[in-house]
Trainee: 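Have a look at this one.
Scope of the values below: all heavy atoms of this structure, side chains included, with no hydrogens, waters or symmetry mates. Order of the sequence lines fixes the chain letters, A, B, ..., with proteins taken first and strands second; residue numbering starts at 1 for each chain.
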Protein chains: 2
Amino acid sequence: MKEIKLSFAEENYLKAIYHLSGDDEQAVSTNAIADTLNTKAASVTDMIKKLSNKGVISYQKYRGVKVSEMGQKAALQVVRKHRLWETFLVEKLKFNWDEVHEVAEQLEHIKSPLLIKRLDEFLGYPKYDPHGDPIPDEFGEFKSKPRVALGDCIIGHEGVVVAVKDASAPFLQYVDKIGAYIGAKIKVIDKVEFDSSLEILIDNKKTVFISKEVSENIWITE
Amino acid sequence: MKEIKLSFAEENYLKAIYHLSGDDEQAVSTNAIADTLNTKAASVTDMIKKLSNKGVISYQKYRGVKVSEMGQKAALQVVRKHRLWETFLVEKLKFNWDEVHEVAEQLEHIKSPLLIKRLDEFLGYPKYDPHGDPIPDEFGEFKSKPRVALGDCIIGHEGVVVAVKDASAPFLQYVDKIGAYIGAKIKVIDKVEFDSSLEILIDNKKTVFISKEVSENIWITE
DNA sequence: AAAATTTTTTAGATATATCTAAATTGCTAT
DNA sequence: ATAGCAATTTAGATATATCTAAAAAATTTT
Ligand SMILES: [Mn+2]
Ligand SMILES: [Mn+2]
Ligand SMILES: [Mn+2]
Ligand SMILES: [Mn+2]
């Protein structure tokens with residue numbers, strides 16, 4: 001068993017590829033990676049070759065890449081670190097959930113197994129990060145809560161917000177404003193045929209209209 | 001006022017130069033820097049030119065370098081981060097004081113003013129790190145406790161350990177073993193003419209003999 | 001099935017951070 | 001004062017990570 005050592009840039013690419021490949025482990029295209037990481041396709045091709053040589057992805061020219069067994073292990077460790085750090089920032093340092101992503105993007109690359117072990121312990125072995133995303137354990141195991149995007153709910157469906165898909169500051173600030181925090185109770189009141197926007201009731205108090213796009217980025221219990 | 005952006009490597013060099021220049025702000029030689037950072041003199045010359053162009057050091061060929069006003073500010077911010085993180089690791093994550101240096105060496109480069117502000121707050125604005133070194137505040141201000149190296153004490157001198165000079169794991173483990181932790185009470189019993197080793201009494205309990213080298217790396221109150 | 005378009009790769013640069021070996025400068029001891 | 005040695009710099013490589021522009025392959029449209 002050879003250990004894989006990855007640079008910051010390599011970890012970022014691998015994580016992006018892992019996220020893009022999704023549950024069905026689709027092959028990921030060069031352009032998709034470039035878009036995610038705000039780099040150019042040519043840079044992606046270069047990096048893809050390096051990652052392929054290290055065995056963390058499989059690559060066929062012009063056919064996109066897939067994450068290998070080993071690559072998934074490595075990607076999940078980066079994801080684990082990212083989410084543990086986000087949890088630390090919110091729980092211990094009182095960051096708002098829209099302020100943590102950029103910093104975690106840096107912290108996730110710190111190399112120290114002991115640090116992560118102790119951080120996990122310090123946080124009480126959290127299972128979900130501030131955005132509702134599951135935190136993989138040291139073996140890469142995790143489970144998501146059963147959930148459905150608001151946009152896919154039928155009228156009358158009622159549930160509790162369990163996660164947000166987009167973790168960008170502008171989106172989270174909007175979610176804050178309407179009060180649809182993780183844990184908020186939501187009922188789908190009406191769906192507008194014209195633009196698929198939704199009318200929802202939040203915490204039995206407030207009725208708001210949300211766009212289709214917003215509705216696709218908030219997950220609630222089934 | 002132009003803000004200075006430094007890479008990891010640049011921060012490491014600047015910090016090393018700052019430490020090497022000492023209180024008297026001596027010019028620092030190329031070889032001294034290379035030794036400290038385990039690099040080669042040629043690499044140091046290259047980096048020196050970059051740091052000089054950025055205005056954080058002043059450089060005269062063949063004459064060594066001095067840290068500028070701006071450079072000192074920048075160096076102290078890196079030192080501040082290093083020592084705050086070390087404090088965090090010991091106080092919150094239960095690291096031993098001999099386990100923190102390497103990790104802090106990485107964490108000190110994370111760029112986020114908010115993170116450091118909140119970390120400082122979370123730790124209760126500590127004034128000293130686990131090795132007894134003073135933690136600069138956000139303006140770079142700090143004060144060391146009045147102190148004297150054990151090796152410079154006269155026979156009969158009594159004081160409390162306030163800091164250790166060497167922060168390497170082997171040295172700290174030795175200090176642990178003899179029980180000369182920060183805060184331990186120490187009395188100089190005798191000094192051996194032959195090799196300048198010392199006989200000391202620790203916490204009124206235990207008498208141990210320490211080498212000259214060790215005695216130069218432990219500071220106690222005057 | 002060809003043509004047009006899009007996607008991907010290659011070729012050739014640039015920037016950072018290192019290194020070894022050779023040249024140069026500075027210091028010291030005769 | 002100068003010869004010799006030590007310290008430093010320069011020259012020329014290597015490795016990583018990025019880019020633009022051009023070429024090649026795949027896909028889509030006609
Ligand atoms: Mn990252
Ligand atoms: Mn998250
Ligand atoms: Mn460092
Ligand atoms: Mn320290």
Trainee: Quick one: how far along DNA chain C does chain B reach, first to last nucleotide 5' to 3', anything under 4.0 Å to a heavy atom?
Mentor: dT16(C) to dC27(C)

Trainee: Examine dT8(D): is either OP1 or OP2 under 4.0 Å from a nitrogen or oxygen in the side chain of Tyr59(B)? Give yes or no.
Mentor: no

Trainee: Between Arg63(A) and Lys50(A), just flag the one whose closest nucleotide in DNA chain D comes earlier from the 5' side.
Mentor: Lys50(A)

Trainee: Under 4.0 Å, heavy atoms only, any strand: does Thr30(A) hit a base, just the sugar-phosphate, or nothing?
Mentor: sugar-phosphate

Trainee: Could you check whether Ala42(B) gets within reach of a base, just the sugar-phosphate, or nothing at all, counting any heavy atom under 4.0 Å?
Mentor: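 Base: the residue Ala42(B), judged by heavy atoms under 4.0 Å, touches a nucleobase.
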
Trainee: Working note: Asn12(A) + His109(A), criterion side chain to side chain donor-acceptor pair (under 3.5 Å); need CA distance, chi angles, decisive distance, verdict.
Mentor: CA-CA 9 Å; Asn12(A) 283 335; His109(A) 305 293; 2.9 Å; yes

Trainee: Between Lys61(A) and Tyr13(A), who's closer to the 5' end of DNA chain D by nearest nucleotide?
Mentor: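 Upstream on the strand: Tyr13(A).
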
Trainee: What pair of heavy atoms forms the shortest contact from Trp85(A) to Ala104(A), and how long is it?
Mentor: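 Between these two residues, the closest heavy atoms are CB-CB, 4.4 Å.
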
Trainee: Send over the distance from Gln60(A) CD to dA25(D) C1', rounded to a whole Å.
Mentor: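 Taking atom C1' of dA25(D) as the reference, CD of Gln60(A) is at 14 Å.
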
Trainee: Would you call the rings of Phe8(A) and Phe8(B) parallel, tilted or perpendicular, where under 30° means parallel and over 60° means perpendicular?
Mentor: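 Answer is perpendicular, since the angle exceeds 60°.
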
Trainee: What residues form a ring-ring contact (aromatic ring centres under 6.0 Å, His included) with His131(B), not counting sequence neighbours?
Mentor: none

Trainee: Could you note down all residue pairs passing salt bridge (Lys or Arg N to Asp or Glu O under 4.0 Å) where residues 12-33 of chain A supplies at least one of them, sequence neighbours left out?
Mentor: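 Residue pairs passing salt bridge (Lys or Arg N to Asp or Glu O under 4.0 Å), neighbours aside: Lys15(A)-Glu105(A), Lys15(A)-Glu108(A).
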
Trainee: Taking atom C1' of dT10(D) as reference, at what distance in whole Å does atom CD1 of Ile48(B) sit?
Mentor: 14 Å

Trainee: Tell me, with the steps shown, if Lys54(A) and Glu10(A) meet salt bridge (Lys or Arg N to Asp or Glu O under 4.0 Å).
Mentor: CA-CA 10 Å; Lys54(A) 293 198 175 188; Glu10(A) 288 169 338; 3.0 Å; yes

Trainee: Rounded to whole angstrom units, what separation is found between the CG atom of Asn31(A) and the P atom of dA25(D)?
Mentor: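 Interatomic distance, CG of Asn31(A) to P of dA25(D): 18 Å.
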
